[in-house]
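Quick caveat: nothing in here was measured; it's all calculated off a predicted structure. Note that ligands are numbered from 1 as they come in the structure, with each ligand's atoms numbered from 1 the same way.
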Amino acid sequence: MPLRFQPRLRLRLLPSAAAAAASAPPFPPHGPASATGSSVRLTGGRSRRRRGAAVAMASGDARVAGIASSIRVIPDFPKPGIMFQDITTLLLDPKAFRDTIDLFVERYKDQGITVVAGVEARGFIFGPPIALAIGAKFVPLRKPKKLPGEVISEEYSLEYGTDKIEMHVGAVEDNDRALVVDDLIATGGTLCAAVNLLERVGAKVVECACVIELPELKGRDKLGDRPVFVLVKADGA
Ligand SMILES: O=P(O)(O)OC[C@H]1O[C@H](OP(=O)(O)OP(=O)(O)O)[C@H](O)[C@@H]1O
Ligand SMILES: Nc1ncnc2[nH]cnc12
């Protein structure tokens with residue numbers, strides 16, 4: 001199995017995430033990238049903080065801090081040296097889950113988005129409630145050989161090797177305005193493949209939206225000028 005997970009990172013709040021969500025258009029090319037927020041420390045250190053716990057509210061909106069602090073970081077999963085950003089704990093917290101969806105909905109509700117494309121598997125958690133709330137269709141982008149109808153595929157590179165995602169032909173049309181949703185951007189390979197699928201059928205990709213970014217992996221570089229919006233960032237330790 002190729003290594004998909006990246007080492008030693010800790011979460012940082014994006015001070016402008018909530019503000020950006022509220023004042024959506026026009027989207028900056030790289031979302032709220034100029035964050036200067038405090039880190040969500042993962043290790044005890046002098047202050048003996050619990051790993052993964054949010055320690056500061058750098059955002060003007062308390063919802064972002066709550067979201068960051070609800071994400072558990074599991075060291076050495078699935079391999080030694082990897083800090084796994086576990087969004088299942090966010091899902092256990094109904095307020096944090098609702099706030100996450102609300103922040104995205106506030107940002108995208110008036111953007112004329114007609115399709116939300118979610119990337120398997122974790123994009124299937126956040127994408128559908130956003131699609132329902134903004135009145136868009138939801139299209140699953142699936143791992144190979146899962147979709148029963150005719151598909152188009154896009155291969156993308158991983159740290160070691162390649163992977164592929166697929167989309168049903170006819171699900172997205174050339175007049176669609178698309179939002180791509182996933183839980184996390186690391187190297188950007190997955191989002192890039194998703195955007196390529198949508199653009200190949202003529203859709204306009206308005207933005208990619210993720211809960212978490214691992215900025216050290218420079219995923220945005222792979223996406224060029226396609227805009228990416230995230231709620232929290234993970235710092236290198
Ligand atoms: O930016 P990238 O380097 O492409 O990595 C990000 C992707 O990695 C994770 O999914 P993964 O492929 O591990 O699959 P899963 O959601 O099925 O666990 C994550 O949910 C993103 O989809
Ligand atoms: N560190 C990480 N945590 C969770 N999902 C990931 N996908 C790629 N890197 C990851």
Next item on the list: Check Asp182 against ligand 1 and report side chain, backbone, both or neither, counting heavy atoms closer than 4.0 Å.
Entry: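 Only the side chain of Asp182 comes within reach of ligand 1.
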Checklist line | Sole residue of Leu90, Ile185, Ile71 in side-chain contact (heavy atoms from CB on, under 4.5 Å) with Ile212 | finding: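 Answer to the side-chain contact (heavy atoms from CB on, under 4.5 Å) test with Ile212 among Leu90, Ile185, Ile71: Ile71.
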Checklist line | side-chain contact (heavy atoms from CB on, under 4.5 Å) partner of Glu199, chosen from Lys204, Arg226, Glu154 | finding: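 Checked Lys204, Arg226, Glu154 against Glu199; only one passes side-chain contact (heavy atoms from CB on, under 4.5 Å): Arg226.
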Check: Taking all non-hydrogen atoms of both residues, which atom of Tyr108 and which atom of Cys208 are closest, and how far apart?
Finding: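 Closest pair (atom of Tyr108, atom of Cys208, distance): OH-O, 4.3 Å.
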Notebook entry, point to check: For Leu184 and ligand 2, does the shortest N/O to N/O distance drop below 3.5 Å?
Noted result: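 Such a contact does not occur with ligand 2.
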Check: Should Gln85 be counted as touching ligand 2, given the test is an N or O pair under 3.5 Å?
Finding: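 Yes; at least one N/O pair falls below 3.5 Å.
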Next item on the list: Decide whether Leu92 and Phe84 are clustered together by the hydrophobic rule: side chain heavy atoms of Ile, Leu, Val, Met, Phe, Trp, Tyr closer than 4.5 Å, transitively.
Entry: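 Unlinked, Leu92 and Phe84 end up in two clusters.
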Margin query: Using heavy-atom distances only, which candidate in Asp183, Val211, Ile185 approaches atom 19 (C) of ligand 1 most closely?
Written below: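 Going through Asp183, Val211, Ile185 one by one, Asp183 has the nearest heavy atom to atom 19 (C) of ligand 1.
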If we only count N/O pairs under 3.5 Å, is [X] in contact with ligand 1?
X	result
Ala121	yes
Val119	no
Tyr156	no

Next item on the list: State the atoms of ligand 2, each with its element, that fall below the 4.0 Å cut-off from a heavy-atom position in Arg122.
Entry: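 Answer for ligand 2: 4 (C), 5 (N).
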Next item on the list: Please identify which atoms of ligand 1 are closer than 4.0 Å to at least one heavy atom of Thr187.
Entry: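 Per the distance check, 1 (O), 2 (P), 3 (O), 4 (O).
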Margin query: List ligand 1 atoms under 4.0 Å from Gly189, heavy atoms only on the residue side.
Written below: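 Atoms satisfying the 4.0 Å criterion: 1 (O), 4 (O).
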Checklist line | side-chain contact (heavy atoms from CB on, under 4.5 Å) partners for Leu132, two or more places apart | finding: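 So Leu132 forms no side-chain contact (heavy atoms from CB on, under 4.5 Å) with any residue.
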Item checked: Other residues, nucleotides, ligands: >12 heavy atoms within 6.0 Å of Arg98 CZ ->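 Incorrect, the count does not exceed 12.
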Checklist line | ligand 2 versus Leu214: contacting region, heavy-atom distance under 4.0 Å | finding: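 Side chain only.
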Check: Backbone N or O of Val151 within a donor-acceptor pair of the His168 side chain at under 3.5 Å?
Finding: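 Side chain of His168 to backbone of Val151, a donor-acceptor pair under 3.5 Å: no, none is there.
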Notebook entry, point to check: Could you give all pairs that pass the side-chain hydrogen bond (donor to acceptor under 3.5 Å, both in side chains) test and reach residues 125-138, with sequence neighbours left out?
Noted result: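 Only Lys137-Asp176 qualify under side-chain hydrogen bond (donor to acceptor under 3.5 Å, both in side chains).
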Notebook entry, point to check: Judged by non-hydrogen atoms, does Gly188 sit under 4.0 Å from ligand 1?
Noted result: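 So Gly188 counts as touching ligand 1.
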